[in-house]
Amino acid sequence: MVVTRFAPSPTGYLHIGGLRTALFSWLWARKNKGKFLLRIEDTDLSRNSDEALKAILEAFNWVGLNYDGDVVYQSKRFDVYKQYIQKLLEEGKAYKCYMTKEELDTLRAEQEAKGERPRYDGRYRDFTGEPPAGVEPVIRIKAPQEGFIEFEDGVKGCIKIAASEVDDFIIARSDGTPTYNFVVAIDDYEMGLTDVIRGDDHLYNTPKQLVVYEALGFRPPKFYHVAMINNEKGKKLSKRDGALDVMEYKRMGYLPEALLNFLVRLGWSHGDQEIFSIDEMLELFDPKDINKSASSYNLDKLLWLNAHYIKNSSNEKLVELLKEFGVNLDGNEKADALLDATKQRAKTLVDLASEINKIVQTPSEYDPKAIKKAFKGEAIKNLKEFVAMLQEAKPESIEGYHEVMQKFVEAKEIGFGKLGQPLRVALLGSMSGPGLDAVMYIIGLDEVVKRVANIEKFLKDS
RNA sequence: GGCCCCUUCAUCUAGCGGUUAGGAUUCCAGGUUUUCAUCCUGGCCACAGGAGUUCGAGUCUCCUAGGGGUCACCA
């Protein structure tokens, strides 16, 4: 049984780095019919926020990551941690340290002045004397003093860190609350974690957690440390270049499947394949294939994927999604034609909504360049004759409109552009857009007549 | 600074001792289209540098450089 987890601290929203490790963990658990657990690391009582958890769950819900069982809150497990601390104290594997914060600071300053690595000097490790008065002690765990702490990382391979790099770190603050590396080890054990997939900013926490595993006689899980995602310049991701709230991507018109597809390919691949459905990810994902090196966030590729998924979405689905973007096509009998004509050209749902509006709404202004280019010579006369022909024919399908256009240019012995350009400007206000046969079918004959009349008036007035 | 990790086109990546170093995004050109977009075809572009090992190295070893992470009574 594979058990994985996502364990954020509730200090902010979920960003794409977190979402990627969550995705990897989720995929690995689901692929193996195992469990994906959610734990909130809120041992620092001063920095908690309910909002953050809500934001994370909202994001999970949007992209479709589901977790098993109840959310575990570390802040509700202090009793458990206390018992373990007591146990370690009794067994002599942890000890009280009466050094004050101030003393620690001066020690560190001295060490740094000497060019040494700041490090607790172990002065209370074997202390048996009379403790100084008025000092609430912290509890420190006894870390090995010589040799190496080694573990096999599923991504990076064998990691070997000298014991001298790991000091007797604090497992309980002077107010009695337990600290991060201690509770993580306990929870990962008690929750039955088999595989811990997390960002490689945690790589250096692993030896500390292994010290806890060792002291408690727990068997550690398999660790996978995945490299960071950098921005497009290869620097640390910040809010301006992608470390946004995942929900911000929803607002920008991205589809969750596009975002997930984008993220799964950051640091992981399967041959030359670029497009992965969730089912394919589940079939193919394996954390052993995760890359060692950091990857840069590439907006163009996300956009390309998003366009791909929009193009391949059913119209029914798009109708639902578009509601969030101010376009309601419910009950619109031209909805299919409208979406067929526009979904090929949108990179985001925001684009799609504006493409639709551009067709549906009567143009209120015209691109001056387009006017100048399209309305030369016989253009307006042709347009009026064409409209007359339409009124005669009363087409009722895209093909019908197309036939009329065809007949018109043949009869007049002109190129398609001679009709298309002015007609396009009249109908859409600019030189670009979907096929005019589809546009005319969507807006209907009356609206075509109206828009042609509008531009005729506009030209006369100017 | 100490320690640890990383390094193939601009970007995401394939490669697991013998390849014209492949794919994708971007960009460019051509085709398709009434236009733009889509789509199709083609093109540009990479093994950080240096020593080894080897008949042969992007692939193994070492060094250098560059990048990142981490050094809390934060998580």
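All values derive from a computational prediction rather than experimental measurement. Residue numbers start from 1 in every chain, and the chains themselves are labelled A, B, ... in the order their sequence lines are given, proteins ahead of strands.
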Looking just at side-chain N and O atoms, do [X] and [Y] make a donor-acceptor pair shorter than 3.5 Å?
X	Y	answer
R20(A)	S25(A)	no
K343(A)	N312(A)	no
Q86(A)	Y81(A)	no
D168(A)	Y95(A)	yes
D195(A)	T4(A)	no

Could you say whether S269(A) or G433(A) is positioned toward the 5' end of RNA chain B, judged by the nucleotide with the nearest heavy atom to each? S269(A)
In terms of the nearest nucleotide of RNA chain B, which residue is placed more toward the 5' end: Q421(A) or G271(A)? G271(A)
Determine which nucleotide pairs with [N], using a 3.5 Å limit on both distances of a Watson-Crick or G-U wobble pair.
N	result
G42(B)	C28(B)
C71(B)	G1(B)
G66(B)	C6(B)

Which of these nucleotides, [options], is closest to any side-chain atom of [X]?
X	options	answer
T179(A)	A14(B), A75(B), C71(B)	A75(B)
L266(A)	C73(B), C12(B), C4(B)	C12(B)
P118(A)	U34(B), A75(B), A72(B)	A72(B)
Y204(A)	A75(B), G23(B), G69(B)	G69(B)
S295(A)	A75(B), U13(B), C4(B)	U13(B)
R424(A)	A75(B), U26(B), U34(B)	U34(B)
M228(A)	U11(B), A75(B), G69(B)	G69(B)
Y180(A)	C12(B), U35(B), A75(B)	A75(B)
K301(A)	A75(B), G23(B), G2(B)	G23(B)
M431(A)	G69(B), U11(B), U35(B)	U35(B)

Could you give the side-chain donor-acceptor pairs of residues 286-294 of chain A under 3.5 Å, partners two or more places apart or in another chain?
from, atom 1, to, atom 2, distance (Å)
D286(A), OD1, K288(A), N, 2.9

Under 4.0 Å between a side-chain nitrogen and a carboxylate oxygen: does that hold for D367(A) and K369(A)? no
Carboxylate-amine/guanidinium contact R5(A) D187(A), below 4.0 Å: no
For nucleotides 63-66 of chain B, list the nitrogen or oxygen atoms of the protein found under 3.5 Å from its nitrogen or oxygen atoms, one pair per line.
none

Taking atom [atom1] in both [N] and [M], compute the distance separating them and give it to the nearest angstrom.
N	M	atom1	answer
G69(B)	A57(B)	P	35 Å
A14(B)	C9(B)	P	12 Å
G56(B)	U19(B)	P	14 Å
A51(B)	G15(B)	P	28 Å
G2(B)	U61(B)	P	23 Å
U13(B)	G58(B)	C1'	14 Å
U54(B)	C71(B)	C1'	41 Å
C27(B)	C60(B)	C1'	37 Å

Base, sugar-phosphate alone, or nothing: which one does [X] contact when heavy atoms must sit under 4.0 Å apart?
X	answer
G415(A)	nothing
I159(A)	sugar-phosphate
D175(A)	nothing

Here the salt bridge (Lys or Arg N to Asp or Glu O under 4.0 Å) pairs for residues 413-432 of chain A, sequence neighbours left out, are none
List for me each residue that meets ring-ring contact (aromatic ring centres under 6.0 Å, His included) alongside F408(A), sequence neighbours excluded, and say none if there are none.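 With neighbours one apart ignored, the set is F386(A).
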Which residues satisfy the side chain to side chain donor-acceptor pair (under 3.5 Å) test with K347(A), sequence neighbours excluded?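 K347(A) satisfies side chain to side chain donor-acceptor pair (under 3.5 Å) with no other residue.
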Which residues pass the side chain to side chain donor-acceptor pair (under 3.5 Å) test with Y189(A), sequence neighbours left out? none
Under 3.5 Å, which protein N or O atoms sit close to an N or O of nucleotides 6-9 of chain B? Give each pair with its distance.
from, atom 1, to, atom 2, distance (Å)
C6(B), OP1, K292(A), NZ, 3.4

Please identify each residue that fulfils side chain to side chain contact (heavy atoms under 4.5 Å, CB included) with I443(A), with sequence neighbours left out. I359(A), L427(A), V439(A), E447(A), V448(A), R451(A)
According to side chain to side chain contact (heavy atoms under 4.5 Å, CB included), who are the partners of V135(A), at least two apart in sequence or on a separate chain?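 Result, side chain to side chain contact (heavy atoms under 4.5 Å, CB included) vs V135(A): Y98(A), T100(A), P132(A).
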Kindly give the atom pairs (protein nitrogen or oxygen, nucleotide nitrogen or oxygen) under 3.5 Å for nucleotides 39-45 of chain B.
none

Just checking, K334(A) and Y441(A): is the charged tip under 6.0 Å from the six-membered ring centre and within 45° of the axis? yes
Check whether any side-chain N or O of D437(A) sits under 3.5 Å from a backbone N or O of Y401(A) as a donor-acceptor pair, and report yes or no.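 No; zero donor-acceptor contacts below 3.5 Å.
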Side chain to side chain donor-acceptor pair (under 3.5 Å): pairs with one or both residues in residues 138-163 of chain A, sequence neighbours excluded: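 Sorted result for residues 138-163 of chain A: D153(A)-H225(A), K156(A)-D200(A).
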Output the residues of residues 97-111 of chain A in contact with RNA chain B, where contact means a heavy atom of the residue under 4.0 Å from an atom of the strand; sort by number or write none.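 Of all residues in residues 97-111 of chain A, the ones placing a heavy atom under 4.0 Å from RNA chain B are M99(A), T100(A), K101(A), L104(A), R108(A).
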Does C12(B) have its OP1 or OP2 closer than 4.0 Å to a side-chain nitrogen or oxygen of S296(A)?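 Looking at the OP1 and OP2 atoms of C12(B), one of them is under 4.0 Å from a side-chain N or O of S296(A).
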Just N and O in the side chain of S164(A): are any of them under 4.0 Å from OP1 or OP2 of C3(B)?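 So the side-chain polar atoms of S164(A) never come under 4.0 Å of the phosphate oxygens OP1 or OP2 of C3(B).
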If I take atom [atom1] in residue [X] and atom [atom2] in nucleotide [N], what distance separates them, rounded to the nearest angstrom?
X	N	atom1	atom2	result
R117(A)	C71(B)	CZ	P	9 Å
E112(A)	A72(B)	CD	P	9 Å
N231(A)	G68(B)	CG	P	10 Å
K208(A)	C73(B)	NZ	C1'	12 Å

